[in-house]
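First comes the structure, then the notes that go with it.
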Amino acid sequence: MINEEPEVIARSAEELLGGLNEQQAEAVQYDGPALLIAAGAGSGKTRVLTRRIAWLLSQTGAWPSQILAITFTNKAAAEMKERLTTLIGPVAQRMWVSTFHSACVRILRRDGERIGLKSGFSIYDTADSQRLVKIICTELNIDVKRYTPRSILARISDYKNGLIGWQERLKEYAPQFRPGVRGSQIGSFGDVEVLYACVYAEYQYRLSAANAVDFDDLIMRTVELLRTDPMVAEYYRRKFRYILVDEYQDTNHAQYVLVRELGGVDGGAAREPGARGAGRSGPAWITVVGDSDQSIYAFRGADIRNIQEFEKDFPNARTIMLEQNYRSTQTILNAANAVIALNPGRKPKKLWTALGDGSKIIGYAADNAQQEGAWIATEIARLAGEEGYRYSDIALMYRANAQSRSLEEALINAGIPYQLVGGTKFYERKEVKDAMAYLQAIANPDDDVNLRRIINVPKRGLGARAEAVLTMFAADHRTSAWSALEALDSIEGMPTRTANLLGQFRDLMTGLRAFARQNDGKPSEIVAEVLEKTGLLAELKKSTDPQDMTRVDNLSQLQSVAAEYEQNTPDATLNGFLETTALVADSDQLPDEGEDTGTVTLMTLHTAKGLEYPVVFLTGMEQGTFPHSRAMENESELEEERRLAYVGITRARQILYVTRAAVRAQWGQAAEMLPSQFLDDIPENLIEWKRRETGVDALRGGWRSGGFDDDEFGGFEEGYSSSSYGSRPRWGSAARKATSGSSYGSSSYGSSSYGGGYGSRGSKYGSRGGGARTGSSYGGSYGSSYGSSSGGKSGRVTTRRMKKDLLDSLSKAKSAAARKSESAAQSGALNVADFHEGDKVTHDQYGLGTIVAVEDKGRNSVITVDFGSDGVKRLLLRVAPIEKL
DNA sequence: GCGAACCACATTTTT
DNA sequence: TGTGGTTCGC
């Protein structure tokens, strides 16, 4: 055991504590079983977490294999690994630093057989799960209009997040129901709980028959495994002596229990007497990091009490508060503090910074969403043109994905390159999903949901009838659809034509499986084979619908993603590929920190959590939009909205914009929108309004109580670009003209040279890391929302296609200028080109040093610096706290 | 079994 | 806005 441990770069206490404030240093060193780091926004929590891990390794004598670090997103995990690598060396790459879900997959792949999961199990995404629920509903004669599969699934998800098993539900509400027995009916029910209980039970039965798990199962079934199998539990408890959880405020009950189980907190085992650190037995040491003010996932089962009651839950727990913020100006923090302070029942916490007041928050009230977008676009052009910001310094945030459209259009009109994060996801596209369904069905023959999805895709004359025959047979024999297909010849009463077609399909799948078996290590070739042999690609290629062109692109992109996975994974397998694709999230497509994409970023506030940008636009600050209308009646949901506002505000480092529209089109209809209450919550003296009132407001008679500004019509256009913000009296003295805003839009943004290149990055999907991007051929235009619409012939679509063409040409003409901006003149980030042997630099910790070598490896460039008495260090330029002299 | 046409629907956030 | 489901005619 000892010998297999690879070396960890030893770090001295001084190194690990260098540059930390008192609280941070205390958190890094804390020596005890349970630690809560209450880390306000921007307080350097990731830094503390990674240093703490390094501390445990080099100062407490822990081994890398004893540590389990859990995050919520792959991106966060990758980032932590990367930072750890610079701190302790390549060992970090092999440590358990992962998301809850992938850690659970890993555990279940290893030991899932103990609870009846065969190792090649499928992971169903929400769409798969919904299909399954729908199938069940139809069979149980449930009115899917009244009880949508979506809502039923949400309920099932609630159960699972709360670790409530289907057995319990069934026992309590429908003990007569027999899952898996065809013809079993719910019977009469006056209580919807009966319905939920039956569907839940049947759903789990089908999942297990298909050797599949859904998202929530990954957590719940891992808990089940640990609880039912003492041997397995013991194994992990001995293994993981230190468990660290990031974003703890977002954990749900199941995840909370998982941590306790893995850590053996309730196991009753005694701590090794006199051991260093957590020793080799007894409860693992738990460190959690979080901010209850940033809990924004309660709607998905996150339980804020987990963090609020940490001290009660874990014996001898210690809490350390991090309140110094290293990200934002005091103005921004004051706004954030003011907003969040209105939430009742929270522990008071006030962020502060040493960075100074900075400029005021800038407000803008537009007449409608188009104008809001147009103004933002002009403003971005100004920031890029006059203030020296890069596009990648700027982010636009909104409450809901639907709001992105008007912003996108404005940016396109202005020729500003942007990148949209989220929205319709790559793996949710029909064509991609179809191809993936084939892969799933190949890998896991029992996977009924995916097999049934593709049985007639592409069209091969196998309709509802054929499917019914097959599933009837399968149900009668309590076997899978695939087995039924194999036993095709013994199915009676099947039309010859159907039998033939089914036979062809069976042979197709058999052939593909054989191919997959022989080429298991080359998923990209399996993808190619599937696209080819199934006719998926051929069907799209022969189509004349322009939409299908992009679908073909998407499929080739899928192949590239597989190729990329293959290159970055030493022991690549088809199953491994399916796994990585099953667990990707929106935020995973975000560029890495410090990378200049040359594009403005658009995303929802939820996706933005954990990120920071020099310039942030919070758009759609209207009642009903944000806070969202559905959240406005319920006090606790409103509190969550307020936390979301807090998250949004604290993303900004230097300049924060808040914008609103007086009229916004919602599902086709225009609606008048009142200003968001959150705008009122920000102290007036922090905001400088470029335009405070809209034409609509004027008619309505002002919106702030008192109506003292009834006559203010705005008048932003005069002069705002000629002077800097900050010191001018609010919406004030500059010459005003009474503009209703209708004349807006004819002005000439777009005329200057800020057009830049578009979409410099290639893949936004698949695995990150390792510089070399393969498959650059699937260029950058994906990610804008174009091409996602369907249908096809209205005039609107035509316009949008034209815009897409515009985008494409921009992307092709990715100018030398844009290329240059990627590698040069990065304010803040450091550039290899600026470093030469012999140059002097200063380092936050080591002080003055001389460069002895420079390795230009693009993003991963390394310089070697001689710090005299502090020694010679190799530093990753991207992350090292150095400054050139 | 298929495709076109129509209609009703719902629209928050997602590991 | 667009999607998904249903219906109808072939």
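Lettering follows sequence order; numbering is per chain, from 1. From a predicted model like this one, the values you see are computed outputs, not experimental measurements.
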Given [options], identify the nucleotide with an atom nearest to the side chain of [X].
X	options	answer
R150(A)	dT11(B), dT14(B), dC2(B)	dT11(B)
R465(A)	dG1(B), dT11(B), dT13(B)	dG1(B)
A466(A)	dT12(B), dT14(B), dG1(B)	dG1(B)

Does any part of the side chain of [Y], heavy atoms only, come nearer than 4.5 Å to the side chain of [X], both counted from C-beta?
X	Y	result
L618(A)	L656(A)	yes
N306(A)	D250(A)	no
L262(A)	I107(A)	yes

What is the separation between atom [atom1] on [X] and atom [atom2] on [N], rounded to the nearest whole Å?
X	N	atom1	atom2	result
D143(A)	dC9(B)	CG	P	12 Å
N252(A)	dT14(B)	CG	P	17 Å
N634(A)	dT12(B)	CG	C1'	14 Å
K459(A)	dG1(B)	NZ	C1'	10 Å
D214(A)	dT14(B)	CG	C1'	14 Å
L602(A)	dT13(B)	CG	P	14 Å
R405(A)	dT1(C)	CZ	P	7 Å
E640(A)	dT12(B)	CD	C1'	10 Å

Exercise. Would you say the side-chain atoms of T148(A) and S151(A) include a donor-acceptor pair closer than 3.5 Å?
Worked result: yes
Exercise. For residues Q370(A) and E409(A), is any side-chain donor paired with an opposing acceptor at under 3.5 Å?
Worked result: no
Exercise. Is H628(A) stacked on the base of dT12(B), with ring centres under 5.5 Å apart and planes under 30° apart?
Worked result: yes
Exercise. Under 5.5 Å between ring centres and under 30° between planes: does that hold for F299(A) against the base of dT13(B)?
Worked result: yes
For this session: Verify the ring-centre separation between F678(A) and F626(A): is it less than 6.0 angstrom?
Result: yes
For [X], report the nucleic acid contact type (base, sugar-phosphate, nothing); a contact means any heavy atom under 4.0 Å.
X	value
N456(A)	sugar-phosphate
A665(A)	nothing
R643(A)	nothing
A400(A)	sugar-phosphate
F100(A)	nothing
A302(A)	nothing

[N] phosphate, OP1 or OP2: any side-chain N/O from [X] under 4.0 angstrom?
X	N	value
T607(A)	dT13(B)	no
T604(A)	dT14(B)	yes
N401(A)	dT12(B)	no

Interatomic spacing from [atom1] in [X] to [atom2] in [Y] - rounded to 0.5 Å:
X	Y	atom1	atom2	answer
F100(A)	T222(A)	CZ	OG1	11.0 Å
L451(A)	Q440(A)	CG	CD	11.5 Å
R429(A)	M436(A)	CZ	CE	14.5 Å

For this session: Check whether the side chain of R399(A) and the base of dT12(B) form a donor-acceptor pair under 3.5 Å.
Result: yes
For this session: On the 0 to 90° scale, with breaks at 30° and 60°, tag the F299(A)-H606(A) ring pair as parallel, tilted or perpendicular.
Result: perpendicular
Strictly under 3.5 Å: I want the nitrogen or oxygen pairs between protein and nucleotides 4-6 of chain C, one per line.
from: dG5(C); atom 1: OP1; to: K134(A); atom 2: NZ; distance (Å): 2.7

Seminar exercise, completed: Base-pair string, DNA chain C, Watson-Crick plus G-U, cut-off 3.5 Å on both distances, | for inter-strand, is .|||||||||
Exercise. Does anything in residues 126-138 of chain A pair up under salt bridge (charged side-chain N to carboxylate O under 4.0 Å, His left out), and if so which pairs, sequence neighbours excluded?
Worked result: D128(A)-K433(A)
For this session: For dT13(B) versus dG4(C), give the span between their P atoms, rounded off to a whole number of Å.
Result: 15 Å
Exercise. How do R460(A) and E637(A) order along DNA chain B: which one's closest nucleotide is nearer the 5' end?
Worked result: R460(A)
